[in-house]
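The block underneath contains the structure these notes are about, expressed in structure tokens.
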Amino acid sequence: MPDGDTFRLPPVPLASGDRLADPDGRTVVGVELVLTTADGGSTRIPLRAEHGAWWAPRHPEG
């Protein structure tokens, strides 16, 4: 059974689209989730592009 304190991302897209809002209009090539802890540490989690949205990384076990 997983530890109750483990941070897990949901199996839904966390962002969608491939362009920034006008007037910028630049193409998005990467999206990251940045987690910051109470002690000032941080962890960057790169999201993966699939089916027109940015998704949480695949679980290492499949």
Side-chain angles (χ1 to χ4, degrees):
M1 175 161 293
D3 179 6
D5 288 336
T6 301
F7 185 80
R8 295 189 180 264
L9 297 173
V12 296
L14 299 176
S16 62
D18 60 1
R19 298 205 178 270
L20 298 176
D22 288 332
D24 197 315
R26 292 180 291 170
T27 300
V28 176
V29 296
V31 175
E32 291 184 338
L33 178 65
V34 179
L35 305 173
T36 304
T37 58
D39 64 2
S42 66
T43 300
R44 301 177 85 79
I45 300 173
L47 304 182
R48 62 185 170 83
E50 189 173 317
H51 306 295
W54 296 90
W55 296 77
R58 294 192 201 300
H59 192 277
E61 297 172 6

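Keep in mind that what you see is a predicted model, and the values were worked out from it rather than measured.
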Value rounded to 0.5 Å, distance of CD in Glu32 from CD1 in Ile45 = 9.5 Å
Kindly say whether Trp54 contributes a backbone atom to a donor-acceptor pair with the side chain of Arg48 at under 3.5 angstrom?
-> no
Are Leu47 and Pro57 side-chain neighbours, meaning at least one heavy-atom pair lies under 4.5 Å?
-> yes
